Structure formats: C-alpha cells, structure tokens
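Source: prediction; values computed, not measured. Lettering of chains follows the sequences in order, A, B, ..., and the numbering in each one begins at 1.
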Amino acid sequence: MNTYAVIDFETTGLSPGHGARPTEIAVVLVRRDRIVKSYQSLMNPGVHIPHEIQSLTGITNQMVRKAPDVATVMSAAAEFAGDHPLVADNASFDRKFWDAELQRIRRRRHQAFVCSLLLSRRLFPQFPNHKLQTLVRSLRLPDTGRNHRALADAEATAHLLLRLQQELVRRFRLPSVDCRLLLSIQRACRGQMEACVRNHKGSRK
DNA sequence: TGCCAGGCCCTCTTTAGGGCCTT
C-alpha cells in the first residue's frame, strides 16, 4: 500500500544542535489519493519559547506548560507514523528534529524522507517562490487553517504531495508514482527529471 | 566578547558566496 506519513514540527528555534526543541507535531497519513488519518499534539519543550516564535506560531509558553513532555509525544508520533515513508516541506528541517528527538528516546528512523519543497522546485520552477503558503495559493490547494500550526501545515503539505503526484502522472503519463520515483526526482539535478522518469519506467518493465 | 542552522540551489562558480526555506 502506497502510504505516506506527512509530518510538521513547530519548534522553539531552527536547530536542535543549538538547543531548540519541538513544541507541536502533526502526522498526517496519506493513502492513495486522500488523507486517511491524522495525529496532532502540543508538547512541553522544557525550554523557553522566544517571543518572536510565539508571535509566528501562536504557541505560547502558557499553552505548552501543561502539555505532555516531548518524549511522550514523540513516542506516540513515531508509533503513528510507523514504517511509512516520511514527507515534510523542507524536510532537512523536520528530519533534524525527528532524528534528534527519536535519539533522545533511544529510537531510530528506518524510513526515507521525501521533501515537498525540493519536488516543488523541480516541477514548478516558474513560481515566484516555493514557500508552502505560496504553493497552496498558486496550486489552489484546500485552505487547511492557520499556517505555522503543525496540523494545518502538515495537511497543506499532504495536499501538496497529492498534487505533485498528480502532476507527475499527468506530465509523464505514468500509471502511478511511488516513493522511489519521488526520492529519485528530488535528488536529481535541474534538467534531469525526465531522465529519472525514463529510468523509472525502464526499471518497471 | 561576540557569534551562533544547515541543506539545497544558482551563478558574475567550481580554490565561493549568497539566496531560499523551515521555526
């Protein structure tokens, strides 16, 4: 079954290597052409949320004070995601936090990370920029609510993933798109996307 | 004291620099 676990973190900063911790996570399961299940939770990061990030996300120190701790939430999120390929917008960011927090609870990631930002740059280079909200507007994806909240952004990324898959099917007349092809395209240099698809078609014969 | 992310991508590049994108 072609199922993906789309994730999004809200955090106290940009780098777990400099003490940033997650404040919220959402995991959205996408199967075939739709969202089938979702998980979302605030968590107590155990560190102060800077004022500018509270303004950005709307998540305050007061909101997370009584939330479950990060270990509890990450354990539940990892169970929910299972072994499905993970998807995130600008996956290098979410991957850092996912791996760092799993390491804290002595777990390891075994699945690949698909990046909707890299795929969007390959498939829609004509857009003025590739911010998630710009892609939502440009592609007329469903409005999922307040951006910079985990569930809204994870759902937006899930709709973007479905749109990217539809675009690949349409543009290259593919019967379907699997995780291996997505990873191959996101790793390819500019101009090599067609070669990726040709190789992929050849390997399926 | 002062600074502090990091991966990807482009180009006036490749012995580098800077913008984009995530919070």
How do A:Leu56 and A:Arg95 order along DNA chain B: which one's closest nucleotide is nearer the 5' end?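 Upstream on the strand: A:Arg95.
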Can you measure [X] atom [atom1] to [N] atom [atom2] for me and round it to whole angstrom units?
| X | N | atom1 | atom2 | answer |
| --- | --- | --- | --- | --- |
| A:Leu117 | B:dT23 | CG | P | 11 Å |
| A:Gln133 | B:dC20 | CD | P | 18 Å |
| A:Leu14 | B:dG6 | CG | P | 10 Å |
| A:Gln186 | B:dC20 | CD | P | 22 Å |
| A:Asn129 | B:dG18 | CG | P | 22 Å |
| A:Ile7 | B:dT22 | CD1 | P | 15 Å |

Distance-only donor-acceptor check, side chains A:Thr3 and A:Arg31, under 3.5 Å: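 Yes - a donor-acceptor pair under 3.5 Å links their side chains.
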B:dC8, B:dT23, B:dT22: which one has an atom nearest the side-chain heavy atoms of A:Arg121?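 Looking only at heavy atoms from C-beta outward on A:Arg121, the closest nucleotide is B:dC8.
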So, does A:His18 get its side chain near the phosphate of B:dC4, meaning an N or O under 4.0 Å from OP1 or OP2?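 The answer is no; no side-chain N or O of A:His18 sits under 4.0 Å from OP1 or OP2.
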Pair A:Glu167 + A:Arg163, salt bridge at N-O below 4.0 Å: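 Yes, A:Glu167 and A:Arg163 are salt-bridged.
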Taking B:dG18 as the reference, what is the distance to B:dT13 when you measure between their C1' atoms (whole Å, please)?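 Here B:dT13 and B:dG18 have their C1' atoms 12 Å from each other.
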Between B:dG19 and B:dC4, how far is it from one P atom to the other, in whole Å?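 Each nucleotide's P atom is 15 Å from the other's.
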Measuring only between side-chain heavy atoms, which start at C-beta, is A:Leu174 closer than 4.5 Å to A:Val177?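 Sidechains of A:Val177 and A:Leu174: in contact.
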Touch check for A:Asn147, heavy atoms < 4.0 angstrom, all strands: base, sugar-phosphate only, or nothing?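 The residue A:Asn147 makes no contact with any strand.
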